[in-house]
Amino acid sequence: MSATAPAATAGPFTGEPPSAGQVAVRRWRSSRYVLLSASALILLAVILAALRPTVQPEFLDPASPSQGGGRALAQLLEQRGVRVQVSRSASDAASRMASTPGSTLMVVRSERLTARDLETLGAAPGDLLLVRPDRRTLERLVPGVRQATQSFVERAGPGCRLPAAVLAGQVDFQAAHTYETPGSAMKCYADKDLPRLVQVPVSGRTVTVLGSGSPLTNEFLAKDGDAALGMNLAGARSSVVWLVPGLPKAAVGGDKSFMQLVPFGVKLALLQLLIAVALAALWRSRRLGPVVLEPLPVIVRSAETVEGRARLYRARHARDSAADALRAGARERLVPLLGLARGTAQDPAFAQEIVTALAGRARLEERLIGSALYGPAPADDAELVRLSDFLDDLERQVRQS
């Protein structure tokens, strides 16, 4: 009976510390699913954040003191002597323009305007100031001016002869729309030859298009020439009608589709549910249930079966599964030799008892036996072979003792 352990190089069952590469591989295997799940959640959060509305309900409201509101600009205009009239509907704004000749109509939140509202504003007298208008508003009120791209270059100089822009100088736009314009338009604050401020004559009146509402908000009004630009554009006349349209009322018996009637929050919840279902399907795709044992239709030699399984393990780089199979088989054969019940072979609660009994029979260190029977997965194929040899030698010594 041998009293010494078989010679082997560094490995988890030889008593020598594992290398840094082996430790890194084991940590990656144990944490990869957690990292992948965290990455999926971060990606989902980014997608949901991108789908959220870009502005708050009080954006550019002259009565709102919030960061996105426009109360500061309204108060500056009134201090300058410009009368500020707030309208909440297109019809009221058109009536105020008709009763106050020489006023400027400033339109914000144009995405709330209906087709009838746009017709009403198109017939209203006076100059127009459109702040970040949508495509429908441009097509109806400023023919020839079209949205081009989104500019993310925050600060820009005027680059034109428009007095309101020249006096304001550099302006902090944040994210802004740029426009394609006709040759008669005055183009300012261009980014790659595409202006963010356009002024063009339309049907005997001057229409100014500003691609960003950020310079007019309470948050950014004090930066660069933002306040000067807002006052020069909105306060060009003695009076300004500030139109902040409310949400359009739902029409009775309208032609809206089912998806248009579904609230935006419900759509986000459904999207999140679909992504969760897809992730769960991917997670469970390789875990369709336990393996079903069936009798083989022909007799296969045990050596061929072992060789076939070994090739499968090697093809899939499944050293951990191969090592588990070797260890489980060794425990099943060794436990009866120690006089213990067969049920204790795969019970982790009896691991120390089994290791201690084997150490007494084979006269090997408990640390080596414990690492061989219950240690981590081998780092490479060579270490798997050394583990198999060690288990064979251990069983041989126990049988001979």
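Between the side chains of Gln85 and Ser239, at least one donor-acceptor pair of N or O atoms lies under 3.5 Å. Ser91 and Thr120 share no donor-acceptor pair across their side chains, judged by distance under 3.5 Å alone. Side chains of Arg361 and Gln397: no donor on one and acceptor on the other come within 3.5 Å. For the residue pair Ser321/Asp324, the side-chain donor-acceptor check at 3.5 Å is not satisfied.
When atom types are taken as modelled, the side chain of Arg71 and the backbone of Ser64 share no donor-acceptor pair closer than 3.5 angstrom. The backbone N or O of Ala345 sits less than 3.5 Å from a side-chain atom of Arg331, completing a donor-acceptor pair. Remark: side-chain polar atoms of Asp347 are not paired, donor with acceptor, to backbone N or O of Thr344 under 3.5 angstrom. Within the 3.5 Å criterion, the main-chain N or O of Leu60 finds a donor-acceptor partner in the side chain of Trp242. Between the side chain of Asp393 and the backbone N or O of Asp389 there is no donor-acceptor pair closer than 3.5 Å. Judged by distance alone, with hydrogens and angles left aside, the side-chain atoms of Arg136 form a donor-acceptor pair with the main-chain N or O of Leu113 at under 3.5 Å. Arg196 contributes no side-chain N or O that, together with a main-chain N or O of Leu210, makes up a donor-acceptor pair within less than 3.5 Å.
Counting heavy atoms from C-beta on, the side chains of Val355 and Leu358 never come closer than 4.5 Å. With a 4.5 Å cut-off on side-chain heavy atoms, Leu216 and Phe59 do not count as touching. Ser103 has its side chain out of reach of Val240: every pair of non-hydrogen atoms, C-beta onward, lies at least 4.5 Å apart. Residues Ser151 and Val153 meet the side-chain proximity criterion, which asks for heavy atoms closer than 4.5 Å. Contact check for Lys187 versus Gln199: no side-chain heavy atoms found under the 4.5 Å cut-off. Between Leu194 and Thr149 the shortest side-chain heavy-atom distance falls below 4.5 Å. Within the 4.5 Å cutoff, no side-chain heavy atoms of Val198 are placed close to those of Met186. Here the side chains of Leu221 and Leu76 are in contact, with some heavy-atom distance below 4.5 Å.
Salt bridge annotation for Arg80-Glu78: absent, with no cationic side-chain nitrogen under 4.0 angstrom from a carboxylate oxygen. Looking at Arg319 and Asp380, no side-chain N of the basic residue comes within less than 4.0 Å of a carboxylate O on the acidic one, giving no salt bridge. A salt bridge does not link Arg88 to Asp92: none of the charged nitrogens lies less than 4.0 Å from a carboxylate oxygen.
Scanning all heavy atoms of the two residues, the minimum distance from Ala72 to Asn218 falls at N-OD1, 2.9 Å. Considering every non-hydrogen atom in both Glu58 and Ser66, the closest pair reads CG-OG, 3.1 Å. The two atoms that bring Gly225 and Val171 nearest to each other are O-CG2, 3.9 Å, heavy atoms only. Scanning both residues, Val131 and Ser212, for their nearest heavy atoms gives CG1-O, 4.0 Å. Across all non-hydrogen atoms, the minimal contact from Val107 to Ser110 is CG1-CB, 4.5 Å. Considering all non-hydrogen atoms of both residues, Arg205 and Leu121 come closest at NH2-O, 3.3 Å.
Pairs passing the ring-ring contact (aromatic ring centres under 6.0 Å, His included) check and including a residue from residues 190-220, sequence neighbours excluded, do not occur. Among residues at least two apart or in separate chains, ring-ring contact (aromatic ring centres under 6.0 Å, His included) pairs with a member in residues 156-203 are Phe173-Tyr189. Annotation: disulfide bond (SG atoms under 2.5 Å apart) contacts involving residues 120-179, sequence neighbours excluded, comprise Cys160-Cys188.
Atom CG in Leu243 sits 11.5 Å away from atom CG in Leu129 (nearest 0.5 Å). Taking CZ from Arg83 and CZ from Arg96, the interatomic distance works out to 7.5 Å, rounded to the nearest 0.5 Å. In this structure, CG on Leu130 lies 13.5 Å from CZ on Arg132, to the nearest 0.5 angstrom. Expressed to the nearest 0.5 Å, how far CG of Leu138 lies from CG of Leu118 amounts to 10.0 Å. Summarising the geometry, atom OG1 belonging to Thr217 is positioned 9.0 Å from atom NZ belonging to Lys223; distances are rounded to the nearest 0.5 Å. Atoms CG and CD, from Asp191 and Gln150 in turn, are 10.5 Å apart once rounded to the nearest 0.5 Å.
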Residues 139-147, side-chain donor-acceptor partners within the protein, below 3.5 Å, at least two apart:
unit_1 : atom_1 : unit_2 : atom_2 : d
Arg146 : NH2    : Glu180 : OE1    : 2.7
Gln147 : NE2    : Pro133 : O      : 3.0

| task | Give the intermediate values and the outcome of side-chain contact (heavy atoms from CB on, under 4.5 Å) for residues Arg109 and Asp61. | result | CA-CA 9 Å; Arg109 305 306 302 272; Asp61 191 324; over 6 Å; no
| request: List the steps and the verdict of side-chain contact (heavy atoms from CB on, under 4.5 Å) for Asp127 and Thr208. | output: CA-CA 8 Å; Asp127 294 340; Thr208 304; over 6 Å; no
| Verdict with supporting geometry, Ile354 and Leu334, side-chain contact (heavy atoms from CB on, under 4.5 Å) | CA-CA 9 Å; Ile354 294 173; Leu334 289 171; 6.0 Å; no
| said: Please evaluate residues Met106 and Val241 with respect to the criterion side-chain contact (heavy atoms from CB on, under 4.5 Å), reporting the C-alpha separation (whole Å), side-chain torsions for both, the decisive distance (0.1 Å), and the verdict. | reply: CA-CA 6 Å; Met106 177 178 171; Val241 178; over 6 Å; no
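Ser388 pairs in a side chain to side chain contact (heavy atoms under 4.5 Å, CB included) with only one of the listed residues (Asp392, Leu384, Leu391), which is Asp392.
Among residues two or more places apart in sequence or in another chain, the side chain to side chain contact (heavy atoms under 4.5 Å, CB included) test is passed with Glu154 by Asp172, Gln174. Not counting sequence neighbours, the partners of Gln170 by the side chain to side chain contact (heavy atoms under 4.5 Å, CB included) test are Arg155, Asp224.
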